[in-house]
Amino acid sequence: MLFKITTVIAMASAVLGHMEIYKPCSRYSSKCATTPALPAGETIDYNLNTPIGSNGSILAPFCKHTTPWPQVTETWTAGQPVTVSFVAGGATHSGGHCEFSVSYDGGNTYVVLHQELRYCFYTAAPSAGGVDTVRNFTFTLPANLPGTDHAIFAWTWVNAVGNREFYNNCGDIAIKGSAGSYTGKKVTIANYGAGYPVIPEFLGNYETGISYYTTNITQVTVTGAGYS
């Protein structure tokens with residue numbers, strides 16, 4: 001009986017999965033309102049909610065898929081609010097640290113646009129009665145964010161509870177704005193291979209790893225040629 005119960009729980013966990021963005025449309029997702037035509041030779045990815053890193057090992061490349069959608073799926077405007085939406089349900093691992101970033105150089109450099117630290121996906125601290133019902137994050141883009149016809153949007157997440165994993169989805173967007181540059185925090189990467197820190201399980205301490213997001217950081221500058 002114990003074996004059967006354990007098997008059922010494992011199967012349920014597999015079905016539940018983790019977290020996945022559908023707006024902007026993650027690369028090769030099957031769950032977007034409108035899925036673009038796939039690049040030649042590529043197929044739909046039904047496992048976008050799995051980690052790209054675990055316990056310091058690399059399981060998949062950043063973005064999971066390095067070939068972009070043939071066309072952008074969202075057009076944002078500098079200085080205006082945008083909303084990033086996740087597929088309903090999923091396993092939120094008691095929250096953790098999320099960042100929302102953008103790259104103008106094909107994925108070499110990511111600058112952070114917004115952070116949801118400690119309790120990502122939760123209404124408040126779990127210990128204070130917070131519940132994991134947050135699936136939409138709205139934030140305002142910097143007014144001086146450069147315009148571009150094609151940028152990579154990235155969501156990254158270090159989970160609070162469970163294996164020390166690193167999650168990431170990417171989408172392809174355009175940004176309306178003028179040519180110019182923007183300087184901000186470089187995206188934090190952890191639990192993802194040699195050269196990156198392993199952030200331990202939080203064990204109720206939601207300050208765990210926070211310095212990698214707030215004080216022990218690097219500033220980067222990105223440039224865009226403007227939106228045409």
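Considering all non-hydrogen atoms of both residues, Asn159 and Arg164 come closest at O-NH2, 2.6 Å. Between Gly56 and Val198, the shortest heavy-atom contact is CA-CG2, 4.1 Å. Counting all heavy atoms, side chain and backbone alike, Cys63 lies closest to Tyr110 at SG-OH, 3.5 Å. Minimum heavy-atom separation, Pro146 to Gly180: CG-O, 3.3 Å.
Heavy-atom contacts from other residues, nucleotides or ligands closer than 6.0 Å to CZ of Phe137 number more than 12. More than 12 heavy atoms of other shown residues, nucleotides or ligands fall within 6.0 angstrom of atom NZ in Lys64.
Put simply, CG on Asn49 and CD1 on Ile21 are 12.0 Å apart, with the number rounded to the nearest 0.5 Å. To the nearest 0.5 Å, atom CG of residue Leu59 and atom CG of residue Asn168 are 12.0 Å apart.
The aromatic rings of Tyr206 and Phe202 lie perpendicular to each other, with more than 60° between the two planes, well past the 30° mark.
Of the options Phe166, Phe86, Tyr119, Phe121, a ring-ring contact (aromatic ring centres under 6.0 Å, His included) to Trp157 is made by Phe121 and by none of the others.
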* To do: Please test Ile199 against Tyr212 for side chain to side chain contact (heavy atoms under 4.5 Å, CB included), starting from the C-alpha separation and ending with a verdict.
  => CA-CA 9 Å; Ile199 296 176; Tyr212 295 113; 4.0 Å; yes
* To do: Verify side chain to side chain contact (heavy atoms under 4.5 Å, CB included) between Arg27 and Ile152, making sure each step is shown before the conclusion.
  => CA-CA 10 Å; Arg27 287 180 177 175; Ile152 303 173; 3.5 Å; yes
* To do: Please step through side chain to side chain contact (heavy atoms under 4.5 Å, CB included) for the pair Leu145 and Leu113, ending with a clear verdict.
  => CA-CA 9 Å; Leu145 197 65; Leu113 302 176; 3.9 Å; yes
* side chain to side chain donor-acceptor pair (under 3.5 Å) between Asn136 and Thr138, worked out -> CA-CA 7 Å; Asn136 298 290; Thr138 298; over 6 Å; no
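Glu99 and Lys185 are joined by a salt bridge, as a carboxylate oxygen and a charged side-chain nitrogen come within less than 4.0 angstrom of each other.
There is a side-chain donor-acceptor pair under 3.5 Å between Asp149 and Ser228.
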